Amino acid sequence: MKNFDYVIIGGGSAGCVLANRLSASPDVSVCLIEAGSKNDSVLIRTPGAFGYFMFSRKYNWAYQAKSDPNICNGRRMFLPRGKGLGGSSAINGMVYIRGFKSDYDEWAALGNTGWSYDEVLPYFKRSENNVRGASEYHGSDGPLHVSNAEMHYPISQAFLNAAKQVDLPLCADFNGANPEGVGSYQFTIRDGNRCGVAAAFLEPALERSNLTVMTDAHVTRIEMEGKRASGVRFEVHGVAHIVTASREVILSAGAYGSPQLLMLSGIGDPAELKRHGIVCQHALPGVGQNLQDHVDSCVLTASRDHGGTSLNPTGIVRMCKAIWQYAFHQRGLLRASATEVGAYLRTAPERKIPDVQYHVIPLIYDDSGRDIGMLAKTGYSLHVYVTRPKSRGSVSLASRDPYAEPVVDQRFLEHPDDIKSLVNGIRLARKWLSAPVFSAYRKKELVPGVEHRSDEEILQACRNHLGNGFHPVGTCKMGTDDMAVVGPDLKVHGIANLRIVDASVMPTLISGNTNAPTIMIAEKAAAMILEKL
Ligand SMILES: Cc1cc2nc3c(=O)[nH]c(=O)nc-3n(C[C@H](O)[C@H](O)[C@H](O)COP(=O)(O)OP(=O)(O)OC[C@H]3O[C@@H](n4cnc5c(N)ncnc54)[C@H](O)[C@@H]3O)c2cc1C
């Protein structure tokens, strides 16, 4: 049994940032425990390998949501989650987005002192090294490299031109003063290599003698002494170990993993714990509740060849060339994300902020890119995400077995406002796709299909092709109400020496992709912890 000052559970977006920032203080010892492997594969550093991870079990926990008969005809929705150092940042789409000022101001208004936009902006900037240089909104000397879209795909440029043709607003910086309109994204990519948190934050810290990193180490529970977290129990190849934490255990296992581990450790809703024969150490009914994710649907268009990478003979030849170019010259399609262009738009003038986000994908992407039949067709996809969904789901235990997949009940589209934004978002997508520039490419709208025109018909098509943004949050929410799990200092209510630092603490989902906000949360948490040393 070894003792450390801080024991961090989970080497993902939050865990790697914490490991770096805390171990920068030579006075403290830090241990990072990760269930997956070191992730030192060429696939991880290749931006264009994104699609591969949807089929991997080594780098992806590859969960599936609870079946809902109204969604995808009852098919369980795919829920990828990164496994191994870097966590989900090792397999994500690399889009660098923060959301809107109002997202964070709402966190503060909910009682989370210190989390307004003006208060979190310095932590976004601290982590960031943006190729656009330092400014009011951007940092240029942080470890996380943020680069511009390289615009490898002609269809991406067509979407930008189309926006002008149908009078959609343009946006020069989705993370600047006014993130509204159509524009090209920025990415966590450095010189054609994925810049996940392991590369950005962990690797530079590995030499430090006060940092210990354990991989292939599956945490099975947090050790408790009454109402104090004293250490962490984990298994390596079936052999159990315990490490103790003299200052804090920090839980960073993500929005599915963190509530699961709390419940396995006897912290949660007493009724839920009892159902699985787990002794209740501390009642916290909010554990696993308040799950939010960006529900999405799409307009899928079959087209003439536009330079994309479909799984058909032309696309495969193009991919072989791309592999050659990347392997020998670090050039070509594989050095970039395929999702180069997107948008934030309002589906109705009365919306105060954009209620939908779009991702342009230069292939036919359905069922998280796992529908091979669709991938084999030539075409392009316009995915529509509800920025601030109001439906709420939950994460609960399937059993007390720490290796069992948790039960993820998304309860998507339960709130009528989510339906409204999604259906109107499809209508707006069709307006964008009707621009003259697409007549050079377009063959046929496959989904929803031109015959689906009424709200009910569009909604039914959306239900059949529903997806999630891979942005689960909120399951250990920060707040001061009875359902809150942590306070604004991210300490678990009623338990000493236990903090949660990851996407699970977001009280409400921000209006966009969640990697940068999770990194910001970890930056702020590290500052709070070090301040008190
Ligand atoms: C496929 C995909 C695409 C995405 N695309 C984007 C994008 O383009 N842009 C963006 O901003 N966001 C994107 N996201 C979301 C973003 O990556 C996540 O929100 C963010 O990484 C979450 O960070 P986290 O620290 O909360 O969890 P994670 O990064 O998931 O880290 C949790 C870590 O804990 C480990 N762990 C879990 N349970 C245990 C256990 N019992 N014992 C030990 N270790 C454990 C996991 O293996 C993992 O390494 C994407 C996510 C996915 C999955």
Side-chain angles (χ1 to χ4, degrees), residues 7-18 32-37 39 47 50-54 56 59-63 78-99 144 146 174-175 185-189 194 196-198 202 214-222 232-236 250-261 264-265 293-294 337-339 342 357 359 368-369 402-406 467-473 475-476 500-506 509-510 512-522 525:
V7 178
I8 303 164
I9 304 171
S13 295
C16 288
V17 175
L18 285 167
L32 177 68
I33 307 179
E34 166 57 44
S37 69
N39 278 359
F50 175 81
Y52 165 82
F53 298 117
M54 295 299 116
S56 161
Y59 305 112
N60 188 345
W61 293 88
Y63 290 158
F78 187 59
L79 305 173
R81 288 284 88 201
K83 187 177 188 180
L85 292 180
S88 296
S89 84
I91 66 165
N92 72 9
M94 298 157 288
V95 175
Y96 182 81
I97 283 278
R98 298 171 182 173
L144 188 70
V146 178
F174 287 122
N175 300 299
Y185 284 125
Q186 285 201 295
F187 300 94
T188 46
I189 295 178
R194 172 189 292 275
V197 289
L202 195 61
M214 300 189 196
T215 49
D216 301 300
H218 191 109
V219 174
T220 53
R221 58 171 289 148
I222 297 160
V232 171
R233 180 182 288 264
F234 60 97
E235 290 181 359
V236 181
I250 305 177
L251 183 52
S252 300
Y256 302 141
S258 287
Q260 181 184 26
L261 273 170
L264 290 170
S265 311
D293 201 335
H294 288 123
S337 161
T339 307
Q357 182 186 5
H359 286 178
S368 308
Y403 292 91
E405 182 175 330
N468 66 103
F470 316 143
H471 304 147
V473 307
T475 49
C476 300
I500 305 179
V501 181
D502 60 22
S504 72
V505 304
M506 295 186 200
L509 181 55
I510 59 104
N513 314 55
T514 42
N515 190 40
T518 306
I519 292 171
M520 174 279 289
I521 289 169

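When a ligand or atom number is given, it counts from 1 through the structure's own listing order. Fair warning: this is a prediction, and the values are worked out from it, not measured in the lab.
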task = Verify side-chain hydrogen bond (donor to acceptor under 3.5 Å, both in side chains) between Arg194 and Asn92, making sure each step is shown before the conclusion.
result = CA-CA 9 Å; Arg194 172 189 292 275; Asn92 72 9; 3.1 Å; yes
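Distance alone, capped at 3.5 Å, is enough to place a donor-acceptor pair between the Asp502 side chain and the Ala253 backbone. Within the 3.5 Å criterion, the main-chain N or O of Pro402 finds a donor-acceptor partner in the side chain of His218. In terms of modelled atom types and a separation under 3.5 Å, the side chain of Gln260 and the main chain of Ala404 share a donor-acceptor contact. Between the side chain of His294 and the backbone N or O of Gln357, no donor-acceptor pair lies under 3.5 Å. At least one donor-acceptor pair closer than 3.5 Å links the side chain of Ser89 to the backbone N or O of Val197. Using modelled atom types, no side-chain atom of Asp293 and backbone atom of Asn468 make a donor-acceptor pair closer than 3.5 Å. Between the side chain of Glu405 and the backbone N or O of Tyr63, no donor-acceptor pair lies under 3.5 Å.
For atom 26 (O) of ligand 1, the closest heavy atom belonging to the protein is Ala503 N, 3.0 Å. Protein heavy atom closest to atom 4 (C) of ligand 1, with residue, atom name and distance, is Asn92 CB, 3.1 Å. Taking atom 24 (P) of ligand 1 as the reference point, the nearest protein heavy-atom neighbour is Thr518 CG2, 3.8 Å. Among all non-hydrogen protein atoms, the one lying nearest atom 10 (C) of ligand 1 is Asn513 CB, 3.1 Å.
Heavy-atom separations between Ala217 and ligand 1 include at least one value shorter than 4.0 Å. In this structure, Met54 has a heavy atom closer than 4.0 Å to ligand 1. Distances shorter than 4.0 angstrom do not occur between any heavy atom of Gly469 and any atom of ligand 1. Heavy atoms of Ser252 approach ligand 1 to within less than 4.0 angstrom. Residue-ligand proximity: Ala255 is placed with every non-hydrogen atom at 4.0 Å or more from ligand 1. Within the 4.0 Å heavy-atom cutoff, Tyr96 does not count among the residues contacting ligand 1.
You'll find the ring centres of Phe53 and Tyr59 inside the 6.0 Å limit. Aromatic pair Tyr185/Phe174: centroids less than 6.0 angstrom apart.
Counting heavy atoms closer than 4.0 Å to ligand 1, residue Leu261 contributes side-chain atoms (C-beta onward) but none from N, CA, C or O. When heavy-atom distances to ligand 1 are checked against a 4.0 Å cut-off, Ala14 comes that close through both its backbone and its side chain. Counting heavy atoms closer than 4.0 Å to ligand 1, residue Phe234 contributes nothing at all.
Close approach to Ser89 involves these atoms of ligand 1, each under 4.0 Å from a residue heavy atom: 21 (O).
When the heavy atoms of Asn60, Val505, Thr514, Val95 are ranked by distance to atom 8 (O) of ligand 1, first place goes to Val95.
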